[in-house]
Trainee: 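Take a look at the following structure, please.
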Amino acid sequence: MNVDGKTVLITGSTDGVGRYVARRLAASGAKVLIHGRDAARAKQLADEVKREGHAEPVFYQADLSSLDGARRLAQSVLAENDRLDIFISNAGIGSQTQGTERRTSADGHELRFAVNYLAGFLLAHLLLPLLKASAPSRIVNVASLGQHPLDFDDVMLARSYSGGRAYAQSKLAQIMFTIDLAHELKGSGVTVNALHPATYMNTTMVREGGITPISTVEQGGEAILHLAVGDDVAGNSGLFFNGMQEAQANSQAYDEAARKRLRALSLEITGLSAVG
Ligand SMILES: NC(=O)c1ccc[n+]([C@@H]2O[C@H](COP(=O)([O-])OP(=O)(O)OC[C@H]3O[C@@H](n4cnc5c(N)ncnc54)[C@H](OP(=O)(O)O)[C@@H]3O)[C@@H](O)[C@H]2O)c1
């Protein structure tokens, strides 16, 4: 896909693999909407892109550990842009971000589930009218190979918390949502796919987990770009990729009843069911 003149939103692009993807898309001529919590890190990226002679990215500041933060981000993007061709839902926290204790979001939900899954679920739905109006358009959900089935009796892991499980269930939830949304969007011109970008890239999330990186940010970034702009995946939807290759996700992703349950729960939590 030629991204010249296209508008792309990448959440979590002030750091890590999102930052790499933002730079590459800006260099290809896209109007890049970057997002994160830290204005100084965003300015550094914007200055870098400008110095390289490309259009300066537009920064959106929002904390996705609150549903209100996600709502405000969507409202600003919708108010200030007349098109949105690609939405890359990439912001996330690792299994040990902020420690090994169970933490909750501003709304009282388990933190990894809230930041890694619920915020992206809500954002995608709120941005859909603009994505549809800009079709053909794409949504890319940056998930992981780390996947754990959801226990619908304890989705917030109040009883059996571990950071690894919390991270992995949030990542599987993203993939289940991807498959579900692809069905919903059939015929709309909007496609949605999910991926594991690369294993243990050299990013903040991996380093703060005490893990020795084994992949580069470039490797994962190129896999994200493949789903975002690759011609060979145009029209494909509802798929999970491991890097550049289509792959199977955890079996719960293909369990229609589980996806239906997750969808109902997510619509209720995010308040989307109330607005239809
Ligand atoms: N690293 C890996 O090996 C790996 C493997 C598989 C999947 N992934 C996935 O790839 C994605 C990017 O990860 P990364 O490794 O690039 O991580 P990273 O370097 O830690 O970057 C995370 C990004 O998400 C943003 N973010 C975190 N919490 C946020 C919040 N509450 N509100 C808003 N923004 C928030 C951060 O913004 P700030 O700058 O404000 O902190 C940052 O821009 C994640 O979804 C991750 O699960 C990574």
Side-chain angles (χ1 to χ4, degrees), residues 9-23 33-46 57 59-74 88-98 103-107 109-123 140-148 163-164 166-175 177-178 194-225 227-228 240-243 247 249:
L9 168 65
I10 311 154
T11 62
S13 38
T14 46
D15 203 357
V17 72
R19 190 181 201 280
Y20 173 85
V21 170
R23 279 185 69 180
L33 314 182
I34 58 172
H35 155 268
R37 289 167 299 183
D38 191 304
R41 271 207 289 274
K43 184 169 183 328
Q44 219 176 42
L45 170 61
F59 176 51
Y60 289 88
Q61 191 169 27
D63 188 337
L64 299 183
S65 67
S66 96
L67 290 169
D68 202 44
R71 260 181 230 111
R72 278 189 275 113
L73 171 60
I88 303 176
S89 184
N90 166 76
I93 51 174
S95 58
Q96 299 195 43
T97 305
Q98 291 181 43
R103 288 177 187 271
T104 52
S105 69
D107 310 279
H109 307 121
E110 190 283 312
L111 190 63
R112 269 139 266 272
F113 192 71
V115 175
N116 296 355
Y117 167 65
L118 286 173
F121 174 91
L122 180 56
L123 274 172
V140 178
N141 287 321
V142 182
S144 176
L145 270 185
Q147 297 161 24
H148 191 289
Y167 178 78
Q169 76 156 11
S170 73
K171 293 286 140 183
L172 180 55
Q174 284 185 290
I175 299 166
F177 165 51
T178 299
L195 83 158
H196 170 71
T199 301
Y200 298 142
M201 292 178 282
N202 190 2
T203 65
T204 302
M205 174 188 293
V206 168
R207 289 190 301 268
E208 74 190 359
I211 298 158
T212 306
I214 57 170
S215 310
T216 62
V217 160
E218 289 74 12
Q219 274 171 279
E222 291 303 319
I224 295 173
L225 286 165
L227 286 188
F240 173 65
F241 279 68
N242 177 3

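Just so it is clear, the model here is predicted, and its values are computed rather than measured. Below, each value reflects all heavy atoms present in this structure, side chains not excepted, and no hydrogens, waters or symmetry copies. Each ligand, and each atom within it, is numbered from 1 in the order the structure gives.
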Trainee: Checking Q219 against T199 for the side chain to side chain contact (heavy atoms under 4.5 Å, CB included) test, could you report, in this order, the C-alpha distance in whole Å, the side-chain angles of both residues, the deciding distance, and whether it holds?
Mentor: CA-CA 9 Å; Q219 274 171 279; T199 301; over 6 Å; no
Trainee: Does some non-hydrogen atom of A143 fall short of 4.0 Å from ligand 1?
Mentor: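 The answer is yes, since A143 has a heavy atom less than 4.0 Å from ligand 1.
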Trainee: Do T14 and D38 get their side chains close enough for a donor-acceptor pair, meaning under 3.5 Å?
Mentor: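 No donor-acceptor contact under 3.5 Å links the two side chains.
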Trainee: Quiz question: by atom type and distance under 3.5 Å, do the side chains of D63 and S65 form a donor-acceptor pair?
Mentor: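 Indeed, the side chains of D63 and S65 share at least one donor-acceptor pair under 3.5 Å.
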Trainee: State whether the shortest distance between N or O atoms of M205 and N or O atoms of ligand 1 falls below 3.5 angstrom.
Mentor: yes
Trainee: Which of the atoms in ligand 1, numbered in the order shown and given with their element, are less than 4.0 Å from a heavy-atom of D38?
Mentor: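 Matching atoms, with element in brackets: 40 (O).
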Trainee: What atoms of ligand 1 come within less than 4.0 Å of a heavy atom belonging to V206?
Mentor: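 Counting from 1, the qualifying ligand atoms are 1 (N), 2 (C), 3 (O).
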Trainee: With nothing but distance in play, are any N or O atoms of G12 less than 3.5 Å from an N or O of ligand 1?
Mentor: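 Between G12 and ligand 1, an N or O pair is found under 3.5 Å apart.
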Trainee: Heavy atom under 4.0 Å from ligand 1: found in A119's side chain, backbone, both, or neither?
Mentor: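 A119 to ligand 1: no contact under 4.0 Å from either part.
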Trainee: Rounded at 0.5 Å granularity, tell me how far OG1 in T204 sits from CG in D15.
Mentor: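 T204 OG1 to D15 CG: 3.5 Å, rounded to 0.5 Å.
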Trainee: Quick one: look up the protein heavy atom nearest atom 41 (O) of ligand 1 and list residue, atom name and how far away it is.
Mentor: R37 NH2, 2.7 Å
Trainee: For H148 and L172: C-alpha separation, side-chain torsions, deciding distance, then whether side chain to side chain contact (heavy atoms under 4.5 Å, CB included) applies.
Mentor: CA-CA 6 Å; H148 191 289; L172 180 55; 6.0 Å; no
Trainee: Report, in ascending order of atom number, the atoms of ligand 1 lying under 4.0 Å from any heavy atom of Y200.
Mentor: 3 (O)
Trainee: Apply the test side chain to side chain contact (heavy atoms under 4.5 Å, CB included) to residues Q98 and L111: give CA-CA distance (whole Å), side-chain angles for both, the deciding distance (0.1 Å), then the verdict.
Mentor: CA-CA 10 Å; Q98 291 181 43; L111 190 63; 4.1 Å; yes
Trainee: Does a donor on one side chain sit under 3.5 Å from an acceptor on the other, for E222 and Y20?
Mentor: yes
Trainee: Is K171 in contact with ligand 1, taking contact as a heavy-atom separation below 4.0 Å?
Mentor: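 The answer is yes, since K171 has a heavy atom less than 4.0 Å from ligand 1.
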Trainee: Determine whether the side chain, the backbone, both or neither of P197 has a heavy atom under 4.0 Å from any heavy atom of ligand 1.
Mentor: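 For P197, only side-chain atoms sit under 4.0 Å from ligand 1.
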Trainee: Which atoms of ligand 1 have any heavy atom of N90 under 4.0 Å away?
Mentor: 10 (O), 11 (C), 12 (C), 44 (C), 45 (O)
Trainee: How close does the nearest protein non-hydrogen atom get to atom 2 (C) of ligand 1, and which residue and atom is it?
Mentor: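 Answer, as residue, atom name and distance: M201 CE, 3.5 Å.
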Trainee: Could you tell me if any non-hydrogen atom of H35 lies under 4.0 Å from any atom of ligand 1?
Mentor: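 Within the 4.0 Å threshold, so yes.
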Trainee: Around atom 14 (P) of ligand 1, find the nearest protein heavy atom and jot down its residue, atom name and distance.
Mentor: T203 OG1, 3.6 Å
Trainee: Are Q96 and Y167 side-chain neighbours, meaning at least one heavy-atom pair lies under 4.5 Å?
Mentor: no
Trainee: Give me the nearest non-hydrogen protein atom to atom 5 (C) of ligand 1 as residue plus atom name, then the distance to 0.1 Å.
Mentor: A198 O, 3.2 Å
Trainee: With the side chain counted from C-beta on, respond yes when L118 and F113 share a heavy-atom pair under 4.5 Å apart, and no when they do not.
Mentor: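 They are in contact (side-chain heavy atoms under 4.5 Å apart), so the answer is yes.
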Trainee: Please state which protein non-hydrogen atom is closest to atom 43 (O) of ligand 1 and give its distance, to 0.1 Å?
Mentor: T14 OG1, 2.9 Å
Trainee: Find all atoms of ligand 1 within a distance of less than 4.0 Å from any non-hydrogen atom belonging to A62, and give their numbers and elements.
Mentor: 32 (N), 33 (C)
Trainee: Counting heavy atoms only, which part of T204 comes closer than 4.0 Å to ligand 1: side chain, backbone, both or neither?
Mentor: both
Trainee: Got the closest protein heavy atom to atom 19 (O) of ligand 1, with its distance?
Mentor: G16 CA, 3.2 Å
Trainee: What part of H196, side chain, backbone, both or neither, has a heavy atom within less than 4.0 angstrom of ligand 1?
Mentor: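 H196 to ligand 1: side-chain contact only, backbone stays beyond 4.0 Å.
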Trainee: Are any of the N or O atoms of R41 closer than 3.5 Å to those of ligand 1?
Mentor: yes
Trainee: Which atoms of ligand 1 are found less than 4.0 Å from any heavy atom of I93?
Mentor: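 So the answer, numbered in order with elements, is 27 (C), 28 (N).
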Trainee: Is a side-chain donor or acceptor of S13 paired with a backbone partner of H35 at a separation under 3.5 angstrom?
Mentor: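 Between the backbone of H35 and the side chain of S13 there is a qualifying donor-acceptor contact (under 3.5 Å).
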Trainee: Is it the side chain, the backbone, both or neither of S215 that has a heavy atom closer than 4.0 Å to ligand 1?
Mentor: neither
Trainee: Tell me the protein heavy atom at minimum distance from atom 42 (C) of ligand 1, and give that distance in Å.
Mentor: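 Its nearest protein heavy-atom neighbour is D15 CB, 3.7 Å.
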Trainee: Would you check if the side chain of K171 reaches a backbone N or O of V142 as a donor-acceptor pair within less than 3.5 Å?
Mentor: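 It does hold such a pair.
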Trainee: Under 4.0 Å from a heavy atom of V142: which atoms of ligand 1 are those, numbered in the order shown and with their elements?
Mentor: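 Under 4.0 Å from V142, ligand 1 has these atoms: 9 (C), 10 (O), 11 (C), 45 (O).
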Trainee: Would a distance-only check, ignoring hydrogens and angles, find a side-chain to backbone donor-acceptor pair under 3.5 Å from N202 to V217?
Mentor: no
Trainee: I'd like to check which ligand 1 atoms, numbered from 1 as shown, lie under 4.0 Å from a non-hydrogen atom of L64.
Mentor: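 What qualifies from ligand 1 is 30 (C), 31 (N), 32 (N), 33 (C).
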Trainee: Provide, to 0.1 Å, the distance between atom 16 (O) of ligand 1 and the closest protein heavy atom, together with that atom's residue and name.
Mentor: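 Nearest protein contact, heavy atoms only, for atom 16 (O) of ligand 1 is V17 N, 2.9 Å.
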Trainee: Without swapping roles, check the side chain of Q174 against the backbone of N116 for a donor-acceptor pair under 3.5 Å.
Mentor: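 Yes, because the side chain of Q174 sits within donor-acceptor range (under 3.5 Å) of the backbone of N116.
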Trainee: Is the backbone N or O of T104 less than 3.5 Å from a side-chain atom of E110, with the two atoms forming a donor-acceptor pair by type?
Mentor: no
Trainee: For a 4.5 angstrom cut-off between non-hydrogen side-chain atoms, does R19 reach I34?
Mentor: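 No - every pair of side-chain heavy atoms lies 4.5 Å or more apart.
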Trainee: Going by distance only, is there an N or O of S144 that falls short of 3.5 Å from an N or O of ligand 1?
Mentor: no
